[in-house]
Asks: 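Quick one: the structure is below, and I'll ask about it shortly.
This one's a predicted model, so the numbers in the text were calculated from it and none came from an experiment.
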Amino acid sequence: MSSSVKIPSDTSKGRIALVAIPRRLDKVLSYAIPDRLIGRLSPGMRLLVPLGRSKITGYLIGVSVQDGSHSLKEIIEALNDTPIINNEILELARWASEYYMQPLGLMIRAAIPGGNNLKSREYFKLTDQGTKIKATPNSMKGRILSVLKDKTGWVPISELSKDIGVELRENRLTRILSNMKRDGILDEDIRIIGKRDPSRKKRKTASDIKHPASLPSLYGREADLVNEVKDLINKGTYTPYLLAEIKKDTRQRIYLHLISLCIEKGKGVLLLIPEISPNLSLIKTLEDTFSGRVGLLHSRISEGRRFDILSRIREGKIDIIVGTRSAIFAPIDLPGMIIVDEEDDPSYKQDKGLRYNAKGVALKRGERLNIPVILGSSAPSVEDFYYGMTGVYKLRTLPEEEGPRIQGSKGSNEPANPRTKDPSTPQPLIKIVDMRGANGRTILSDQLNSSIANRISKGDRVLLFVNKRGFSNSIICQDCGYSFRCPDCALSMTYYKGLKRLSCHYCNKSACVPETCPDCGSSRLTEVGIGTERVEEEVRKIFPSAKVVRLDKDTIKGSRGQGVKGSSHRTLEPANPGTLRKEGEIVIGTDIVLRSPGNHPFALVGVVSADTCLHLPDFRLSHRVYKLLRGLIDLAGKGEVIIQTHNPSHHAIEAVSDPTNMGLDRFYQKEIGFRRELGYPPFSSMVIITLEGGNAERCMDRSQRLGKILHRNLDKGTELLGPARGYPEILRGRHRWQMIIKGDRPVQEIIRRSMEELNTEASTSGIRIDLDIDP
DNA sequence: AGCACGCCGACT
DNA sequence: GTCGGCGTGCTC
């Protein structure tokens, strides 16, 4: 059915459509434009095009005159009569695709929330000739014939395969079907399934809108900062700002004012946040303040809803977009400013799926649109802090003392008053406990133990932080050292004592715990490492009457769901403040504690383990530990913090106990020094190349070849590390090899060339090459 | 990522 | 011969 048309050489201009396909395909494909669509296509439209045997949605990126004597397939239809994305977004996606070296079609698909819902399904029926044919009854062909003879009309392939009793995607079935079609025995029809235009639900209209809440008051230098940015918004100047050392409440107050300024000027705003659930109150405030104009975009918003938001953006009804990563591509008209809150959060750069950095895209978009880009964080990324210090970004800080601890009541329009400043800035007492001397089986040090006892006897709340869920990191055999590893991932499996199971946190595979060592038969199996379950067990043993709550991914119902509606996150507020006070409570949690809304201060925060992964190969780990500890210290309010560690001299841990602003300057000075020494970002631009494949030798061979080619092609000022085994070495049954390029300038072009060279030298089929630019 | 095509070994 | 598995390369 695929209509191959030969375009005559005298065809008038613009008869070929350049279409980006949402597949791992580096090329842009050309399609013939049928007469009925000539003059009706513009870039950014979704097109239904044939690809191989199926039909899929592609994105028109341009029109060209005939390029060769290629025989092209024809566009089947245009899926909308207007472009689904505008030129600005198309160009931005194109930039991102090139910079991050990701396929353009996938980038565009990521940029368009929803609207990728078209799939095709094959239907078959016998031709007249086919009804007469005879075949050996038991052969595949015979079975297909007899099934189809009993049916009338088109039969979907799913039904066909079920009646025959073969797997839907089995090779031989499709093979024989296409042979039969070629021989004229069968007719095939490929139909589109999936809804085209999701029905539009009725939305709030202007009359439903509540009276907007007024803006919160600004304090001290906050107002100066707002005025400064206001000028830039008015003038329309690309200026990256780094708002560092500014607490969340204060940042949000500033954002609200800036957003309001944009709206007054008839400009829109993009506000990126790393995750929805910890920001529910911000979203609520925005909706109350700018009712009806706020659109929320994130991965769990339903297709229909997204489609709706997009059309309301297009109609100009929504001009404030709050969203996660992919919201950076939201097609608002005339944005006046982009805000990336918690700019150091790794989720802007998540490592699965399409690799692009939303913060990088935000800066690029701001540059193109000539608008300020605000990066906000309480403890910014080391790179951005350095850029701030060196003037690449405008660094603005509002150290805590200047902000009020208690936010002014909503709607109070009192002017900024320096006297509202709270004299008693919280200064928790921080103690570092060196665990190196302790018995390996010690979970809670004496100091932590006695502090817990002290606090709960007073009815206070205690938080014990553990960075691993489960009971223990792994189980090993004391006699032969055998450790239980995931069969697919070359990593130890986490032990769950309650469930009596082992689970791989990388691929979710789980297994029973054997009684004896499968290697030597010994029954002396022992747990290694500390997880939340184990701490819980220990705490219940030592404090049998205390109320103990465990809070990690395993205890949160529907932990995968982070939707705004019906979010199942437990908050950390005491269920019943009046009565609970007496008893005290011990909360044992992972970093989920920091991401849950509604935290109330704990009298004691005990960090049971925070540094157990400091040896992992990630140059940003120190920052992560530092940030984590800061967050935990904040949870202690004026209380007490006890940090147990095996690395007491690590700069992240040393710094955090510094009374002046948790050693922020000290940490960054030191960390920037390390980065400079080792040539890590911001002193280089970095690319991580990972080769992954089921075949170990092949994977090693190809990565070594690529390493050699890169080595040859890279010039002075760049450095190639590796290839070396990845971490983990094997993931989901695929062997992994890795190399890192550190360079003083972008190396995308060299990588592209080198990969082409590799392809001419040896086949890379069965190997996935994953490029991570600016990881 | 699909999916077809080609090669090969086994079955009958 | 026909079936089925696997590796390789292409998709306008």
Side-chain angles (χ1 to χ4, degrees), chain A residues 1-7 11 14-34 37 41 47-76 102-107 109-110 116 118-122 135-144 157-158 161 164-183 188 190 352-354 692-699 701-702 732 734 755-756 758-770:
Chain A
M1 278 257 178
S2 44
S3 42
S4 289
V5 285
K6 188 97 173 169
I7 307 236
T11 308
R15 305 229 34 187
I16 294 174
L18 303 173
V19 182
I21 306 289
R23 289 269 171 88
R24 296 223 158 260
L25 233 180
D26 289 323
K27 283 182 283 184
V28 163
L29 302 185
S30 309
Y31 287 87
I33 303 175
L37 289 178
L41 299 181
L47 302 174
L48 187 65
V49 293
L51 182 75
R53 270 166 42 79
S54 51
K55 302 174 180 180
I56 63 162
T57 306
Y59 309 100
L60 182 69
I61 59 158
V63 172
S64 96
V65 292
Q66 189 170 9
D67 51 359
S69 53
H70 246 40
S71 132
L72 301 178
K73 286 185 183 173
E74 231 180 36
I75 294 169
I76 298 163
Q102 303 295 322
L104 179 58
L106 289 179
M107 200 51 112
R109 188 173 73 181
N116 311 297
L118 297 183
K119 282 188 184 143
S120 58
R121 183 180 290 164
E122 302 132 85
T136 28
N138 265 338
S139 69
M140 183 64 87
K141 198 170 165 182
R143 279 186 284 170
I144 294 171
I157 188 161
S158 50
S161 69
I164 295 170
V166 237
E167 281 295 311
L168 181 60
R169 282 293 154 216
E170 215 174 308
N171 200 351
R172 58 184 169 155
L173 178 64
T174 48
R175 202 138 111 187
I176 289 162
L177 284 171
S178 65
N179 284 344
M180 290 167 77
K181 191 184 141 196
R182 186 197 53 206
D183 300 339
E188 184 189 17
I190 298 169
K352 55 173 192 267
L354 261 200
E692 242 187 52
N695 181 324
E697 292 80 53
R698 194 187 174 84
C699 195
D701 175 74
R702 299 302 126 99
R732 291 172 221 271
R734 300 169 68 85
M755 283 178 30
E756 274 168 28
L758 175 67
N759 262 320
T760 57
E761 188 180 307
S763 158
T764 50
S765 82
I767 305 249
R768 225 185 71 191
I769 302 181
D770 183 61

Asks: Roughly, in whole Å, what's the span from CG in Asn759(A) to C1' in dC10(C)?
Replies: 12 Å
Asks: Does Arg698(A) reach the main-chain N or O of Ser765(A) with its side chain, forming a donor-acceptor pair under 3.5 Å?
Replies: yes
Asks: Rounded to the nearest angstrom, tell me the gap between atom CZ in Arg24(A) and atom C1' in dC10(C).
Replies: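 From Arg24(A) CZ to dC10(C) C1': 17 Å.
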Asks: What is the separation between atom CG on Leu72(A) and atom P on dC10(C), rounded to the nearest whole Å?
Replies: 18 Å
Asks: Among dC12(C), dA1(B), dT8(C), which nucleotide sits nearest the side chain of Ser30(A)?
Replies: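 Of dC12(C), dA1(B), dT8(C), dC12(C) is nearest to the side chain of Ser30(A).
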Asks: In this structure, how many angstroms lie between the C1' atom of dG2(B) and the CG atom of Leu25(A), rounded?
Replies: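 Rounding to the nearest Å, CG of Leu25(A) and C1' of dG2(B) are 11 Å apart.
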Asks: Have a look at Arg698(A) and say if it touches a base, only the backbone sugar-phosphate, or nothing, with a 4.0 Å heavy-atom cut-off.
Replies: sugar-phosphate
Asks: May I have the distance from Lys55(A) (atom NZ) to dG2(B) (atom P), rounded to whole angstrom?
Replies: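 My rounded result for the distance is 19 Å.
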Asks: Would you check if the side chain of Tyr31(A) reaches a backbone N or O of Ile76(A) as a donor-acceptor pair within less than 3.5 Å?
Replies: no
Asks: Whole angstrom is fine here: how far is it from CD1 in Ile769(A) over to P in dA1(B)?
Replies: 15 Å
Asks: Give the nucleotide from the list dA1(B), dC12(C), dT8(C) with an atom nearest to the side chain of Ser763(A).
Replies: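 The listed nucleotide nearest to Ser763(A)'s side chain is dT8(C).
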Asks: Could you tell me the separation between the CD atom of Gln102(A) and the P atom of dA1(B), rounded to a whole number of Å?
Replies: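 Those two atoms, CD and P, are 13 Å apart.
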Asks: Measure from the side-chain N and O atoms of Arg109(A) to the backbone N and O of Ile21(A), and report whether any donor-acceptor pair falls under 3.5 Å.
Replies: no
Asks: Measuring from atom CD1 of Ile75(A) to atom CG of Leu48(A), what distance do you get when rounded to the nearest 0.5 angstrom?
Replies: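 Here the rounded value is 10.0 Å.
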Asks: Using whole Å, what does the distance between atom P of nucleotide dG9(C) and atom CG of Asp26(A) come to?
Replies: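 After rounding, the reported distance stands at 16 Å.
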Asks: Name the closest nucleotide to the Arg53(A) side chain, picking from dA4(B), dG9(C), dT11(C).
Replies: dA4(B)
